[in-house]
Structures are given as structure tokens and as C-alpha cells.
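Below is one structure, written out as C-alpha cells, with a few remarks after it.
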Amino acid sequence: MNLEKFKGIIPAFYACYDDAGEVSEMRTKDLCNYLYEKGVKGLYVGGSSGECIYQNLEERKATLKYVAEAVKGKLTLIAHVGAPSTRESVALAKYAEELGYDALSAIPPIYFKLPDSSVIKYWTEIMESTKLPFIIYNIPQTTGYNLSLQAFKKLIENKKVIGVKNSSMPVMDIERFKAAAGEDFIVFNGPDEQYVSGRVIGADSGIGGTYAAMPELLLKAEEFVSSGNFEQAKNIQRDINDIIIALCSLNGHMYSTIKELLKLRGVNVGSVRGPLEPVTGEDLNKVEEIKNMIDQAILKYGR
Ligand SMILES: CC(=O)N[C@H](C=O)[C@@H](O)[C@H](O)[C@H](O)CO
Ligand SMILES: CC(=O)C(=O)O
């Protein structure tokens with residue numbers, strides 16, 4: 001399989017709501033077009049950033065559909081189908097296949113702490129429900145499940161597994177997964193704060209929750225890495241990290257700060273759904289400062 005379409009900057013797509021907090025077709029498509037125009041490679045739809053955990057099946061299907069209608073054929077589309085039950089995940093997987101998505105992905109099962117055997121069975125049942133390739137999502141900070149090398153090796157025996165999106169913090173995990181899986185496999189860097197290190201140690205590509213807030217900077221970081229300009233790669237990573245720390249410093253959830261920022265950057269995707277909290281009061285004024293940090297970094301590195 002040609003994996004080139006998965007190599008590049010792939011923002012994790014945000015949940016797009018209207019002012020009443022309902023999934024908005026128009027705003028979903030606006031964000032698709034905004035990111036397409038920025039030059040990203042693809043979209044990772046309905047993951048953490050998509051607030052998947054707080055949406056019902058119909059809402060998640062609607063988002064998958066609106067995104068496909070807006071940018072299918074123009075961007076590589078990965079559908080995150082992780083859901084509380086295998087049944088719901090399979091329903092989403094089949095729907096993503098109908099819509100023409102390029103790949104599926106899923107977090108491990110949530111809430112109950114299940115053994116490797118159950119996690120592997122969950123992912124395998126999703127994979128077997130469609131013809132689409134599958135990307136494992138390892139994100140121990142939020143799921144409490146840390147993918148072992150042993151479980152990983154067992155999973156990659158299935159040829160439908162074409163990649164892993166690794167969000168654990170040790171960059172060495174990326175190196176180990178890449179070493180185990182080889183060239184014909186995509187390791188996606190998870191932590192945006194470590195994009196450059198992840199790429200250097202073996203990640204082929206990246207999927208991240210803050211990319212859509214500053215796609216220009218991630219695209220530039222990728223340009224520096226792939227051209228071997230590590231001095232500038234290090235510099236831009238530092239600026240990206242200052243911005244991420246600022247995005248996490250306000251009184252609401254990071255996704256809310258990002259959505260306020262996107263409004264200032266010209267695209268309105270509403271706010272976040274509870275229990276995530278919106279940014280309020282004085283802190284709303286601070287979003288402008290973060291926008292300035294991004295604007296300055298874009299100027300500094302050029303487009
Ligand atoms: C734990 C978590 O949510 N990780 C995301 C996915 O890998 C990242 O993209 C973060 O959103 C990003 O690195 C900011 O901390
Ligand atoms: C944060 C991220 O990459 C996701 O939405 O899954």
C-alpha cells in the first residue's frame with residue numbers, strides 16, 4: 001500500500017458547534033476549507049479534539065459526513081471511531097467506509113481497565129468490519145492504557161494495521177514502534193510539543209490537537225525537519241511550545257482557548273461541550289495575546 005498520503009501535517013479536527021451547542025454543518029465545512037487552504041495533508045476526524053467522548057453516534061456520523069462532503073479527494077481523511085462499545089465503533093467504521101474515508105483509527109476501550117486480549121479484540125473487530133486500513137491510537141494519559149511493545153507486535157501481524165498514532169510522552173516509544181514495524185508502516189507523532197524530536201527519532205508524520213490552531217507553524221517545522229535544517233527546527237519547536245503552554249494557561253479547557261483563537265483567526269467553530277469548560281471573563285482578552293504570538297512566529301519563519 002502506498003502510504004505517502006499519510007505523510008505530512010494532519011490536524012486533529014475540532015468539534016464544530018453552532019451557538020446553541022449543536023453540531024454545525026456550516027461551521028464544520030468552514031473549518032475543513034480553512035485547513036485545506038492552509039495546505040495541510042489530511043484531517044483526523046472525531047478524535048479527542050473532536051470531543052468524540054461527548055457526542056452521540058448521530059452527531060459523530062454527521063461530522064464524518066460533513067467533512068467528507070467538504071474535502072474528500074482533496075485531503076487524506078482518517079476517521080476516529082473509538083466509542084464506549086465495540087458495537088458503536090463498528091457502526092462508525094462502516095459509515096466511514098461508505099463515505100470514502102482513507103483509514104480508520106481508534107483509542108483503546110475506555111472506562112473499564114481491560115486486559116491486552118480485550119483491547120486487541122476490540123481493535124480487531126473494528127478492523128474486520130471494513131476493508132479500510134487501521135491506525136492504532138496510543139494515548140495513555142487519557143485512556144489509562146499504555147500499548148506495550150508486545151501487544152503492538154501482535155497487532156501489526158494484521159496487515160490492516162498500517163500505523164500507530166503515538167501520544168505517549170517518551171519519544172523513545174516512537175523509536176521502538178518504528179524499529180519493530182519497519183519502513184512500510186506509519187508512525188504518527190502524538191505530542192505536538194515533541195513534533196521535531198518525534199520526527200527525528202523515527203515518526204513519519206504527525207497528528208495533533210494544536211495543529212489546527214497554528215497550521216502554518218507545524219508545516220514550517222516539517223519543512224525544516226525534512227530539509228535537514230535542525231537549528232531552525234529546534235527554534236520553531238520552542239516557539240510552538242511557548243504557544244501551547246499559553247493555550248493551556250487560561251481558565252477554560254485548551255480546546256476552548258483554541259476555538260476562541262480560531263474566531264480571531266477568522267473561523268468560528270463555536271465553543272466546547274461540558275464538562276469541558278469555556279474560557280471566560282478576563283481570560284478571553286488574553287486570547288488576543290496568543291494570536292499575536294502565532295502571528296509573530298509566522299512572520300519570523302516566513303510562509
Ligand atoms: C494528550 C493529548 O491530548 N495529546 C494530543 C494528541 O496526541 C496532543 O496533540 C496534544 O493535544 C498537544 O500535544 C497539546 O498538549
Ligand atoms: C488530540 C488528537 O490528536 C486527537 O484529536 O485525537
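Quick note: residue numbers are just sequence positions, from 1. Order of appearance sets the numbers: ligands from 1, and atoms from 1 within every ligand.
Each of the following atoms of ligand 2 lies closer than 4.0 Å to a heavy atom of Gly209: 1 (C), 3 (O). Numbered from 1 in the order shown, with element, the atoms of ligand 2 that lie under 4.0 Å from a heavy atom of Ala12 read 2 (C), 3 (O), 4 (C), 5 (O). Remark: ligand 2 atoms within the under-4.0 Å shell around heavy atoms of Gly47 are 5 (O), 6 (O).
Atom CE of residue Met214 and atom CD1 of residue Ile9 lie 11.0 Å apart, to the nearest 0.5 angstrom. Distance check: Ser85 OG to Ile110 CD1 gives 10.0 Å after rounding to the nearest 0.5 Å. The distance from atom CG of Asn229 to atom NZ of Lys220, rounded to the nearest 0.5 Å, is 9.5 Å. Remark: Leu31 CG to Lys259 NZ distance equals 9.0 Å, nearest 0.5 Å.
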Glu97 vs Lys94, test: salt bridge (charged side-chain N to carboxylate O under 4.0 Å, His left out). Steps then yes/no.
CA-CA 5 Å; Glu97 183 177 43; Lys94 287 180 185 290; over 6 Å; no

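Tyr54 has its ring centre no less than 6.0 Å from the ring centre of Tyr17. In this structure, Tyr66 has its ring center at least 6.0 angstrom away from the ring center of Phe13.
Looking at His80 against ligand 2, nothing comes within 4.0 Å, counting heavy atoms. By the criterion of a heavy-atom distance under 4.0 Å, neither the backbone nor the side chain of Phe13 is placed next to ligand 2.
Here the side chains of Pro215 and Arg265 are in contact, with some heavy-atom distance below 4.5 Å. The shortest side-chain heavy-atom distance between Pro109 and Tyr145 does not fall under the 4.5 Å cut-off.
Considering backbone and side-chain N/O of Tyr255, none are found under 3.5 Å from N/O of ligand 2. Below 3.5 Å of separation, one finds no N or O of Tyr44 facing any N or O of ligand 2.
Closest protein heavy atom to atom 1 (C) of ligand 2: Ser49 OG, 3.2 Å. Ranking protein heavy atoms by distance to atom 3 (O) of ligand 2, first place goes to Lys165 NZ, 2.8 Å.
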Measure and list all N/O to N/O distances between ligand 1 and the protein that fall under 3.5 angstrom.
residue  : atom   : partner : partner atom : Å
ligand 1 : 7 (O)  : Lys165  : NZ           : 3.1
ligand 1 : 7 (O)  : Ser167  : OG           : 2.5
ligand 1 : 7 (O)  : Gly190  : O            : 3.2
ligand 1 : 9 (O)  : Gly190  : O            : 3.4
ligand 1 : 9 (O)  : Asp192  : OD1          : 2.8
ligand 1 : 9 (O)  : Asp192  : OD2          : 3.4
ligand 1 : 9 (O)  : Gly209  : N            : 2.7
ligand 1 : 13 (O) : Asp192  : N            : 2.9
ligand 1 : 13 (O) : Glu193  : OE1          : 2.6
ligand 1 : 15 (O) : Glu193  : OE2          : 2.7

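In this structure, Phe224 and Tyr301 have perpendicular ring planes: the angle between them is above 60°, well past the 30° mark.
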